[in-house]
Amino acid sequence: MISAPCRSFMQNKGSLYSSTLSAISTAYIALDAAESFREIVRPSSSVFTHTESNGTHFCTFKDIQEGFDALAQPDRSQLVEGIRKCNSIYHVRRCHHHCLVTQIEQDTYLANSLVFTYAKYGALYDSKAVFKLIIDRSVVTWTALISALVRHEAYLDALLLYRQMHQEGTTPNNVTFIALLGACMNREFLTEGKRLHACISKEQLSDVILGTSIITMYGRCRSLEDARALFSQLPNANIVTWNAIMTIYVELEQGKEAIFLIQRMHSAGLEPNDCTYINGLKACALLEDITLGRAIHVCVVAEGLISDIVVSNSLVNMYGKCGALDDALYIFSGMPKHDVITWNGIISSYVQQGYGAEGLELFRNMQQQGIKPERVTFINVVGACANITALDEGKWIHACLLNDALESDSQVGNALIHMYGQCGALKLARIVFYKVRPHNVVSWTAITSAFAQQGRAKEALHLFQEMQENHVKPDDVAYISVLSACSHAGLVEEGIWCFLSMWEYGLNPNIEHYVCMIDLFGRAGLLSEAEEFMCKMPRWHDGRLWAALLSSCTIHSDIYRGKNAAEQMITFGAGETASYVLLANLYAANVKRDSESPALVLSKMMSLSDEEGDSESMRILLDRMVAAYMGSYD
DNA sequence: CCTTATGAGA
């Protein structure tokens, strides 16, 4: 949006000040020559006085422009006000032009507001150019540009500018520090943030806003310890400070500590506000504590905060994460307005509970309401397609998100890979995989498990290998997908080899890895090896392992081992009903050989039915038993 | 006198 003459001037750093001045003028006059000419030649009048009662203030930018148009030489305070009222880069240019025409652009205050306002509308280049021309740079000048750079995510530039400011002998004030701390909101800038903290004196820390900014900085750098240390030293922490520290606990997934903070806050004599409740609800979602969530819901209603869309969105989310879809829908329906976040919340609630079709239905409703989906929406609806293996719908959504160039986003891309993997569209999964950058463990695991789940174990193993050759360290999830690929394909040796390689990466196998191993031996018919392996394991007192063994016994018709496994499964608490279902499958498969056992299992099931009340699995079981008996007469 | 400025949903 910068004109060519203007740009060529900017690049001509060697120009003398006087000549640059006229160059700027030329540039801006060239920008809209006719317009400017008209402004300059028009005779002055007293347009400014026609506005409000106090005479010197304007309402809108239009008033000001009319004023400028009428006056060839607006005065300084009029220009300052004009700049402040700008609402587009075009307006700023016009004001700048008037500053030049009236030859008062060297006024530091005026220039400061130009630096800031240019930056506000994204014209960093113009902002820097004005900055360079200012001779008497004050703290405010530096701070204006620093905060502009931070706002435009040019963090390194902002910090470099701070260094230059320091070298030129200007002392930063609280506002400068607040802006600079904004440049350190990422782990990689933690050292820089600590350095800034060290430059801030005790007196300066009595400014709550500054203190809170440092805490937030430590939070974003995920350094809870530094944040807590400072928090205990702050003399006048307010509700915002407490909320800031609470946000850190929530972001570090320490739900209990976050909730505990509400109580401590209360005893410190502070009343929670909307932000406190938002954090509290997020903590409930983390803890999946619906009781606490309901308690906060009551508070929110009592304090009239339910009309706040952010609070309501948090409620939808909390209920959704706790699996209470009816409650989530109740909040959702009661809301007068739904934004993208609301829709994301309700859609993800359904998808995460396994209701992919309903999630997609909601997605269509959302689009009918004219709400544009964004990153998180796409991640959820692609997940919904994976959930119900809706390949056509998935392709259609994939096409939609191409417009926003979201395909290469790692989270969206991984969701797509997973979806195509689930749908068996491995070619498409691979195409997306090569578009995602950079390839991290998650994307490698997504593509590996896509092949693994389709029974293409050799390719899955190859991808696993390739990942390591690309110096990406596998994590425990990657191992689960590759181990299960081996067990499904009967690649016992490869599976063992993979399992052993976990130690090379310093990974300790968890129960799921052990389940994969039992499965690996069991499926291959190596039942005694599976048993042997289990007995050598550190945590064999887990019903899930015996369940894996039992299902292998079912495949290989090993009734003796199967019975034992079922007993162990019950002993180690993997659900009595589940063990009987598996055992019934075993008997059902061998009904000709051992015709009395099914009746025994059935009677055991009946005796359980009152206590467990698990009618669904009971029904499935009975169906299977009946089918087995029918089959035995063939 | 005018310019720079904190916390939050997914």
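Naming convention: chains lettered A, B, ... in sequence-line order (proteins, then strands); numbering from 1 in each chain. Below, all heavy atoms of this structure are taken into account, side chains as well, without hydrogens, waters or symmetry copies.
Computed from coordinates, the Asp274(A) CG to dA8(B) C1' distance equals 8 Å when rounded to whole Å. Atom-to-atom, CE of Met185(A) to P of dA5(B) comes out at 14 Å; the value is rounded to the nearest Å. Distance, Ile331(A) CD1 to dG9(B) C1': 15 Å, rounded to whole Å. When rounded to the nearest whole Å, the span between CG of Leu210(A) and P of dA5(B) equals 14 Å. Rounded to an integer number of Å, the gap from CD1 of Ile245(A) to C1' of dT6(B) is 14 Å. Note: CG (Leu315(A)) to P (dA8(B)) measures 19 Å, nearest angstrom. Atom CE in Met265(A) sits roughly 11 Å away from atom C1' in dG7(B) (whole-Å rounding). Between Ile248(A) atom CD1 and dG7(B) atom P the separation is 11 Å, expressed in whole Å.
Nucleic acid contact class of Asn344(A) (heavy atoms, under 4.0 Å, all strands): none. Residue Asn273(A) is classed as a base contact, given a heavy-atom separation below 4.0 Å to a base.
For Ile239(A), the side-chain atoms get nearest to dG7(B) when compared with the rest of dT3(B), dG7(B), dT6(B). Picking from dG7(B), dG9(B), dT3(B) the nucleotide with the shortest atom distance to the side chain of Ile341(A) gives dG9(B). With dG7(B), dG9(B), dT6(B) as the candidates, the nucleotide lying closest to the side chain of Ile209(A) is dT6(B).
Checked for salt-bridge contact, Glu393(A) and Arg364(A) meet the test: a charged N lies under 4.0 Å from a carboxylate O. Comment: Lys372(A) engages Asp404(A) in a salt bridge, judged by a side-chain N to carboxylate O separation of less than 4.0 angstrom.
In this pair, Tyr109(A) lays its aromatic ring flat on the base of dC2(B), centres within 5.5 Å and planes under 30 degrees apart.
Here the CD1-CG distance, from Ile347(A) to Leu360(A), works out to 8.5 Å after rounding to the nearest 0.5 Å.
Not counting sequence neighbours, Tyr162(A) has no partner by the ring pair (Phe, Tyr, Trp, His ring centres under 6.0 Å) test. Partners of Thr176(A) by side-chain hydrogen bond (donor to acceptor under 3.5 Å, both in side chains), not counting sequence neighbours, listed by chain and number: Thr143(A), Asn173(A).
Contact check, Arg137(A) against dT3(B): no side-chain N or O comes under 4.0 Å of OP1 or OP2.
Trp343(A) and Phe332(A) have perpendicular rings, their planes meeting at more than 60° on a 0 to 90° scale where under 30° would count as parallel.
In this model, a side-chain donor or acceptor of Asp339(A) finds a partner on the base of dG9(B) within 3.5 Å.
Taking every heavy atom of residues 143-182 of chain A and every atom of DNA chain B, pairs under 4.0 Å involve Thr143(A), Ser147(A), Arg151(A), Val175(A), Ile178(A), by number.
You'll find the ring centres of Tyr319(A) and His297(A) inside the 6.0 Å limit.
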